[in-house]
Structure formats: C-alpha cells, structure tokens
Amino acid sequence: MDPRVLEAMLPYFGAKFGNAASRNHAFGWEAEQAVEKAREQIAKLIGATAKEIIFTSGATESNNLAIKGIAEMYKERGNHIITQATEHKAVLDTCKKLEKQGYRVTYLPPQADGLISLDELKDAIVTEGPNKTILVTIMYANNEIGVIQPIAEIGKICHEKGILFHTDAVQAVGKIPVDVQKDNIDILSLSGTRSTARRASAPSTFAAATPASRSPSRSTAEATSVVCAPAPSTSPASSDSAQPVRSA
Ligand SMILES: Cc1ncc(COP(=O)(O)O)c(C=O)c1O
C-alpha cells in the first residue's frame, strides 16, 4: 500500500468508525464528510464533478452497473452494444448475460497491435431500425497486454452518432492522465485497488459517470446516468484511500 494511503486511512481503522449513511449522530457526519471529500478528489482526478461519482464494491460491480444500467434504460431505443473481444471478464460476462436477455453484442477483434480498428467500429454502429446501437464499451488500457486504446477518438465517433460511451479505465486511472471531458467519455469505471489505494479490500473501488448534459448523445436522454450517489455501505476508510490516487 502507498504510505500516503495508509496515513490517510489509519484514523478510520480506529477512532473514526462511523457509518457515512447514518445521519443522526456525529460519528456518521464525520464519516460522511470523509466520503464527500473523497468524492471531490476522485472527481478532480478524472475531470468529473463530485455529484457524478458513485461508489461500488469493486470494478466488476462498476462495469455491471454501467453496462446493464444503460442497456435497461435505453432498451426502447435499441438493443445493440459494441465491445471488444479482449475486454476484462467483468465486461465480457456482463455482455454475455445481456445477449441471453435478447441484446445483440458485437465483439470487435483486436488488430495485430492490440488496438481496435476505428473503421471497424464505425462499420459496426447501427443507427437505424430496432437494432440501433445504444452503447459502446471499450476499455482504456488492457490489463494483460497494456495497450491503450484511442479513447478520445472512440468517444468522438460515438457522440457523432448519438451513442453512449463507457470505458473500463481500471488499468489507466492513476497511471496515465484520464479526463472524461477531453476523452469524450460518458461513463467510466475505475478502481482504487488498482490505483495505489488499498489492496485486497472491497470498498475501495468506485465508478464514475459524466452527466447527460455533457455529451450530445445524452442531451435527449430522459434519464441521465448520473451514477453519482455513494453506496450507503461505503466506508470513510475507503473514501480517504482516494487521496493518493489523485496525486498519483
Ligand atoms: C481492466 C479491469 N477491469 C475490471 C477488473 C475487475 O476489478 P475488481 O476485482 O475490482 O472487480 C480488473 C481487475 O483487475 C481489471 O484489470
């Protein structure tokens, strides 16, 4: 663990044990303050706003929440999702589950360099009829081979077509600059445990999303994926673990 993380978290292993969701006592208020501070730090790290951050139990849950949430929310609009064959299992399993429910999923193959082809992405997008593409989910940096996808370009293509863009940025945030606005990202999943925060400890991971207003594709969206409320179970310890993430 990064020593800065340990220092920030130590109080929450002992004296500061309140539940951030408890509104009727001072221990809870103190914990809530820590969570809100973390929310701001995480938002700053990725160019989002604090109210756009949602805490989850881990990146698998974050990816599930983002992909299944969009699929459910926009099922009247279309049933097609585009991802790539080399995504993390957290994304692939979620897509497989959605296929069983009737969604169509295109798995773009990697090219020899591990990157997806932007032309193949454009060709895969469906803009007419009942099978319209509602979501593109492409990971930022690959967890096995380390390639970094051209995220800003992918996001631009999506927004030109009015499609939401989610990225699993678990292996990117805290290691390379990530900015949801510059990178044209609508929803992003990230993980404290992969960004120098706590290891082997569940609640140190979170998801983030940008508001509907940020992308043209969502200006018409009735329900924004403003996935930005804390999970009630989020502990203050997990929140402060975000501080070194920001400065990493
Ligand atoms: C790219 C990527 N996505 C998702 C995950 C799943 O993360 P978690 O174990 O927090 O659910 C990992 C884990 O290493 C990962 O590398």
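Both counts, for ligands and for their atoms, begin at 1 and track the order of listing.
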Taking only residues two or more places apart in sequence, or in another chain, which ones meet Asp179 in a salt bridge (charged side-chain N to carboxylate O under 4.0 Å, His left out)? none
Is Thr60 touching ligand 1 with its side chain, its backbone, both, or neither, if touching means heavy atoms under 4.0 Å apart? both
For ligand 1, find out whether one of its N or O atoms is nearer than 3.5 Å to an N or O atom of Glu61. no
Think Lys96 forms a cation-pi with Tyr107, using NZ or CZ under 6.0 Å from the six-ring centre and within 45 degrees of its axis? yes
Begin with the C-alpha distance, continue with both residues' side-chain angles, and end with the deciding distance and a verdict on side chain to side chain contact (heavy atoms under 4.5 Å, CB included) for Phe165 and Ile151. CA-CA 9 Å; Phe165 177 43; Ile151 291 297; 3.7 Å; yes
Within 4.0 Å of some non-hydrogen atom of Met139, the atoms of ligand 1 are 1 (C)
Would you please test Ile125 and Ile163 for side chain to side chain contact (heavy atoms under 4.5 Å, CB included) and show each step? CA-CA 9 Å; Ile125 291 175; Ile163 295 164; 3.3 Å; yes
Under 3.5 Å between some N or O of ligand 1 and some N or O of Val170? no
Identify, by atom number and element, the atoms of ligand 1 in contact range of Asp168, meaning under 4.0 Å from any of its heavy atoms. 1 (C), 2 (C), 3 (N), 4 (C)
Atoms in ligand 1 flagged as close to Gln171, the criterion being non-hydrogen separation under 4.0 Å: 1 (C), 14 (O), 15 (C), 16 (O)
Ring centroid separation for Phe27 and Phe17, is it under 6.0 angstrom? yes
